[in-house]
Protein chains: 2
Amino acid sequence: MVRKQTAADQALRLDNQICFAVYSTAHAFNRVYKPLLDRLGLTYPQYLVMLALWERDGVPVKDIGERLFLDSGTLTPLLKRLEAAELIKRSRSTEDERQVLIALTPHGHALREKAKAVPQSILAASACSVGELLAMKDEIVALRDRLNAVLGE
Amino acid sequence: MVRKQTAADQALRLDNQICFAVYSTAHAFNRVYKPLLDRLGLTYPQYLVMLALWERDGVPVKDIGERLFLDSGTLTPLLKRLEAAELIKRSRSTEDERQVLIALTPHGHALREKAKAVPQSILAASACSVGELLAMKDEIVALRDRLNAVLGE
DNA sequence: ATAATTTATATTGCATACAATCTAATTTTG
DNA sequence: CAAAATTAGATTGTATGCAATATAAATTAT
């Protein structure tokens, strides 16, 4: 006897999972970034931290965590590696000694120039127009923000 | 003297990176899945492996790796944990002794019933219609496949 | 003002990811 | 067929992520 597949059965199919689409695309991006970032001596999460700092540095760890949705368990060791690479400096805030302020070193600032070539390469690899990518990005960010809103409840 | 921001400057902004959108959305999904999967005793990557096996099991590790874009360095320890949880069985193929075949145990099959509730909860958390999600999924998958195509060159 | 609470970061433990390397088994080649 | 190359998994080392816990500093409450 042949039994019709229920909606619940369909929903469990790997191909139907937007979540797997996002997960596997994140890994694909990571692999495309790897050779580009190797030249900068950065991993992808380290690159994200540098992007955040190039926009605004001299900020506490918490600030970076909020911008990247990462916590201290991830950031503390990562930042220590960036410090060991002499791209950033970590120092206790004198105003609030709980805070560790993260500032770019001259070397960290300088790396920004080398990093300018990266987005162009990624754009080429995605084989997509800037407009399409921006539209897709906005949709994905909207989805992410709804998910995070649920988590915050 | 005020200098105009170049396109390269703009491209380095965190907010403009589709890649960060995908990366941070993947983490948001992970956090939404966590409490649901805790009830099944699975992590998210383990859940993906189970989804793949519920569709087709008795397959070599390689087959799972190709479907999930993961390699043996990730899968070997993960599969050993699933075996320790008695959800799967690992056995050398007699036809080709290089291969390790992965089959579901009765317990592994049974878990599928409990998992049926998961997609519905995720759909609710995404606060999005099924149609919108499917459309977005297709776009993201197309992007992923273009990225993977570049990697394969 | 002191106790209780909250906050910022650090630490530990567990589970991915993935490059690089290794071993054993199979396939291809000369 | 025997050597060379390829393939499937396993292992090792490095770097995330994140939950849970710890610690010290700041804030709030009584």
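Within every chain, numbering begins at 1; the chains are lettered A, B, ... in the order of the sequence lines, protein sequences first and strands thereafter.
Remark: B:Asp9 engages A:Arg112 in a salt bridge, criterion side-chain N to carboxylate O under 4.0 Å. Contact check on B:Glu83 versus B:Arg90 returns a salt bridge, with a Lys/Arg side-chain nitrogen under 4.0 Å from an Asp/Glu carboxylate oxygen. The pair A:Arg56-A:Asp63 counts as a salt bridge, with a side-chain nitrogen and a carboxylate oxygen less than 4.0 angstrom apart.
C:dA8 atom C1' lies 13 Å from atom CG of A:Leu79, rounded to whole Å. As rounded to whole Å, 18 Å separates atom P of D:dT7 from atom CG of B:Leu75. Nucleotide D:dG13 holds its P atom 16 Å from the CZ atom of A:Arg81, rounded to whole Å. Distance A:Leu78 CG to C:dT11 P: 15 Å, rounded to the nearest Å. What separates CZ of A:Arg90 from P of C:dA10 is a distance of 5 Å, to the nearest Å. Rounded to an integer number of Å, the gap from B:Asp96 CG to C:dT26 P is 5 Å. The distance between atom OH of B:Tyr44 and atom P of D:dT16, rounded to the nearest whole Å, is 22 Å. With rounding to whole Å, A:Tyr47 atom OH is found 18 Å from D:dT16 atom C1'.
Counting any heavy atom pair closer than 4.0 Å across all strands shown, B:Arg31 reaches sugar-phosphate atoms only and no base atom. As judged by a 4.0 angstrom heavy-atom cut-off over every strand, A:Pro60 is placed among residues touching the sugar-phosphate backbone only. Among the atoms of the strands shown, only primed sugar atoms or phosphate atoms (P, OP1, OP2) are found under 4.0 Å from some heavy atom of B:Glu95.
Ranking C:dC18, C:dA15, C:dA8 by closeness to the B:Gln46 side chain, first place goes to C:dA15. Checking C:dA17, D:dC18, C:dT16 against every side-chain atom of B:Leu70, the shortest atom distance belongs to C:dA17. Here the side chain of A:Thr43 is nearest to one of D:dA26, C:dA19, D:dT16, namely D:dT16. Each of C:dA10, D:dG9, D:dC18 was ranked by its minimum atom distance to the side chain of A:Arg92; first place goes to C:dA10.
Heavy-atom minimum distance, B:Leu14 versus A:Arg67: CD2-O, 4.4 Å.
At most 12 heavy atoms of other shown residues, nucleotides or ligands fall within 6.0 angstrom of atom NZ in A:Lys89.
Between the side chain of B:Ser72 and the base of D:dA8 there is no donor-acceptor pair of N/O atoms closer than 3.5 Å.
Phosphate proximity of C:dA17 to A:Tyr23: present, with a side-chain N or O under 4.0 Å from OP1 or OP2. The phosphate of D:dA10 has OP1 or OP2 within less than 4.0 Å of a side-chain N or O from B:Thr76. For A:Lys80, a side-chain nitrogen or oxygen approaches OP1 or OP2 of C:dT11 to under 4.0 Å.
Taking the nucleotide of DNA chain C with the nearest heavy atom to each of A:Asn30 and A:Gln99, the more 5' of the two is matched to A:Gln99. Along DNA chain C, the nucleotide nearest B:Arg98 and the nucleotide nearest B:Pro45 are compared for position; the residue whose nucleotide lies closer to the 5' end is B:Pro45.
Ring geometry for B:Tyr23 against A:Tyr44 counts as perpendicular: the plane angle is over 60°, on a 0 to 90° scale with 30° as the lower cut.
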